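Worksheet: one structure, shown below.
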Amino acid sequence: EFPRAPGPFDLGAQSGRWAAFQKRHGLSCEEAARLLLDAYEHRGLVKHTGGCHCGAVRFEVWASPDLHVFNCNCSICTKKQNRHFIVPASRFKLLQGADNLTTYTFNTHRAQHTFCKTCGVQSFYTPRSNPDGYGIAPHCLDDGTVQTIITEDINGKEWEKAVREHKTIRDMSKP
């Protein structure tokens with residue numbers, strides 16, 4: 001962690017712009033800094049928000065407005081119709097509902113299938129292919145931030161072979 005400055009930091013000639021920006025958008029200093037840092041650190045990405053059906057679970061995720069969604073035919077993805085795109089853990093934030101999530105695992109127990117205890121919707125999970133990231137259900141995103149969805153079928157019935165032969169899936173959770 002970085003040492004904290006003892007008082008307000010010197011913005012020099014940008015002080016007036018900073019104050020006007022905060023006022024115009026009704027933001028605290030921390031909120032304005034977070035907004036600008038997010039915009040800089042996640043260039044080319046948009047902040048999507050989403051959640052489960054009942055609203056108990058809410059999250060935000062930074063991803064492209066053009067989503068690359070996997071349609072897997074493994075046993076659980078088929079039963080749940082689990083279409084998802086993958087993001088690094090650093091681009092995902094659970095906003096509410098941690099206490100309302102429960103987890104189901106099977107087979108290797110690497111995938112963590114999380115879902116809402118109230119409505120049963122899985123809006124995100126930890127995929128076996130990318131245990132350091134999240135698989136996000138695009139149909140659980142709020143309207144307005146997705147431009148396009150490209151869907152790629154993946155043969156989860158032969159999971160090891162499919163992941164071994166796929167050129168990019170394991171890198172999708174890397175920042």
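Not measured: the values here are computed from a predicted model. Heavy-atom basis, side chains included; hydrogens, waters and symmetry copies ignored.
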State, without any angle test, whether [X] and [Y] hold a side-chain donor-acceptor pair at a distance under 3.5 Å.
| X | Y | answer |
| --- | --- | --- |
| Thr49 | Asp142 | yes |
| Glu60 | His48 | no |
| Asp153 | Asn73 | no |
| Asp66 | Thr148 | yes |
| Arg83 | Gln81 | yes |

How far apart are the closest heavy atoms of [X] and [Y], and which atoms are they?
| X | Y | value |
| --- | --- | --- |
| Phe59 | Cys140 | CZ-O, 4.4 Å |
| Ser173 | Asn130 | OG-ND2, 2.9 Å |
| Pro65 | Gly44 | CD-O, 3.9 Å |
| Met172 | Pro88 | O-CD, 3.7 Å |
| Gly97 | Val57 | O-CG2, 4.0 Å |
| Cys119 | Cys52 | SG-CB, 3.6 Å |

field: Reported CD1-to-OG distance for the pair Ile169 and Ser129, which is rounded to 0.5 angstrom
entry: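 If I round to the nearest 0.5 Å, the distance is 4.0 Å.
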query: Hey, what do you get for NZ (Lys167) to CG (Asp171), rounding to the nearest 0.5 Å?
result: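 Going from the NZ atom of Lys167 to the CG atom of Asp171 covers 12.0 Å.
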- request: May I ask you to decide whether Asp132 forms a salt bridge with Lys174, counting only side-chain N to carboxylate O separations under 4.0 Å?
  value: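 Yes.
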Give a yes or no on whether [X] atom [atom1] has more than 12 heavy-atom contacts from other residues, nucleotides or ligands under 6.0 Å away.
| X | atom1 | answer |
| --- | --- | --- |
| Lys157 | NZ | no |
| Arg17 | CZ | no |
| His139 | NE2 | yes |

Keeping [X] on the side-chain end and [Y] on the backbone end, is there a donor-acceptor pair under 3.5 Å?
| X | Y | answer |
| --- | --- | --- |
| Ser64 | Leu67 | no |
| Glu31 | His25 | no |
| Thr78 | Ser75 | no |
| Gln14 | Leu11 | no |

query: Only one of His109, Glu160, Gln112 forms a side-chain hydrogen bond (donor to acceptor under 3.5 Å, both in side chains) with Arg128, so which one is it?
result: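 Considering His109, Glu160, Gln112, a side-chain hydrogen bond (donor to acceptor under 3.5 Å, both in side chains) with Arg128 is found only for Glu160.
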message: Working note: Asn82 + Gln122, criterion side-chain contact (heavy atoms from CB on, under 4.5 Å); need CA distance, chi angles, decisive distance, verdict.
response: CA-CA 8 Å; Asn82 179 32; Gln122 175 183 286; 3.3 Å; yes
message: Set out, in order, the CA-CA distance, both residues' side-chain angles and the distance that settles side-chain contact (heavy atoms from CB on, under 4.5 Å) for Asn155 and Lys161, then state yes or no.
response: CA-CA 8 Å; Asn155 186 8; Lys161 180 181 182 218; over 6 Å; no
query: Only one of Phe85, Phe124, Trp62 clears ring pair (Phe, Tyr, Trp, His ring centres under 6.0 Å) with Phe92; which?
result: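 It is Phe124; the other options fail the test.
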task: Would you check if the distance from the ring center of Phe115 to the ring center of Tyr104 is below 6.0 Å?
output: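 Between Phe115 and Tyr104, the centre distance exceeds or equals 6.0 Å.
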task: Flag the pair Tyr134 / Tyr125 as yes when their ring centroid distance falls below 6.0 Å, and as no otherwise.
output: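 No: the rings miss the under 6.0 Å criterion.
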message: Before you tell me yes or no, could you show the steps for His166 and Phe70 under ring pair (Phe, Tyr, Trp, His ring centres under 6.0 Å), namely the whole-Å CA-CA distance, both residues' side-chain angles and the distance that decides it to 0.1 Å?
response: CA-CA 12 Å; His166 198 280; Phe70 289 101; 5.6 Å; yes
task: For Lys117 and Leu101, run side-chain contact (heavy atoms from CB on, under 4.5 Å): C-alpha distance rounded to whole Å, both residues' side-chain angles, the deciding distance at 0.1 Å, then the answer.
output: CA-CA 6 Å; Lys117 291 179 187 177; Leu101 289 172; over 6 Å; no
